[in-house]
A.B. asks: 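Below is one structure. I have some questions about it.
Throughout, residue positions are numbered sequentially from 1 according to the sequence presented. All values below come from the heavy atoms of this structure, side chains included, with hydrogens, waters and symmetry mates left out.
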Amino acid sequence: MQTVYLFRILKVICHHNRGVFIFTQLLDEDTTILVKEGSLLKGMSVYHYESLYPYKDDNGSPLLDVFVFRPTDWKMLTCTLFTEGEIVELVLVF
């Protein structure tokens, strides 16, 4: 079974030795999701990088619709695969 959610790419950061960080915003405001291993963002295997979660706004309040993803195999990814503002699908596999 799988479920699809739409996300907007907010920012993509490529760190020379830590890999790629993909900052996204969940577009369905009324949804809470748990991203499990095997999920696909734009067809690429990713995991939810929870070390940066929850992301906070300028007032310090948590932004629960912002997710940071990292590719499972980050060595194969270039930063040009995602564009800021792009709408992408996250497929959750159960």
A.B. asks: Kindly indicate whether the side chain of K42, heavy atoms from C-beta on, has any atom under 4.5 Å from the side chain of E86.
C.D. replies: yes
A.B. asks: Within this structure, what is the OH-CG distance for the pair Y5 and L26, rounded to the nearest 0.5 Å?
C.D. replies: 8.0 Å
A.B. asks: For T3 and L92, indicate whether the former's side chain and the latter's backbone hold a donor-acceptor pair under 3.5 Å.
C.D. replies: no
A.B. asks: Determine the minimum heavy-atom distance between V20 and C14, stating which atoms define it.
C.D. replies: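 Reported closest heavy-atom pair: CG2-SG, 3.9 Å.
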A.B. asks: Is any side-chain heavy atom of L41 closer than 4.5 Å to one of V88?
C.D. replies: yes
A.B. asks: Kindly indicate whether the side chain of S45, heavy atoms from C-beta on, has any atom under 4.5 Å from the side chain of L40.
C.D. replies: yes
A.B. asks: Between CD1 of I33 and OG of S39, what distance do you get to the nearest 0.5 Å?
C.D. replies: 8.0 Å
A.B. asks: Determine whether a donor-acceptor pair (N or O, by modelled atom type, separation under 3.5 Å) exists between the side chain of K11 and the backbone of T24.
C.D. replies: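 Not at all, since once roles are kept as given, no pair shorter than 3.5 Å links the two residues.
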A.B. asks: For Q25, enumerate each residue passing the side-chain contact (heavy atoms from CB on, under 4.5 Å) test, keeping only those at least two apart in sequence or located in another chain.
C.D. replies: R8, L10, D65
A.B. asks: Would V35 and L90 satisfy side-chain contact (heavy atoms from CB on, under 4.5 Å), going step by step from the backbone distance to the final call?
C.D. replies: CA-CA 9 Å; V35 181; L90 176 74; 4.1 Å; yes
A.B. asks: Between Y49 and F21, does the ring centre distance come in under 6.0 Å?
C.D. replies: yes
A.B. asks: Calculate, to the nearest 0.5 Å, the distance between atoms CD1 and CD belonging to I9 and E84 respectively.
C.D. replies: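 Output value for this atom pair is 9.5 Å.
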A.B. asks: Report yes or no: do L27 and V4 belong to one cluster of Ile/Leu/Val/Met/Phe/Trp/Tyr joined by side chain heavy-atom distances under 4.5 Å?
C.D. replies: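 L27 and V4: separate clusters.
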A.B. asks: Linking I/L/V/M/F/W/Y whenever any side-chain heavy atoms sit under 4.5 Å apart, do I13 and Y47 land together?
C.D. replies: yes
A.B. asks: I want to know whether F69 and F23 have ring centres closer than 6.0 Å.
C.D. replies: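 No - the distance between ring centres of F69 and F23 does not fall below the 6.0 Å cut-off.
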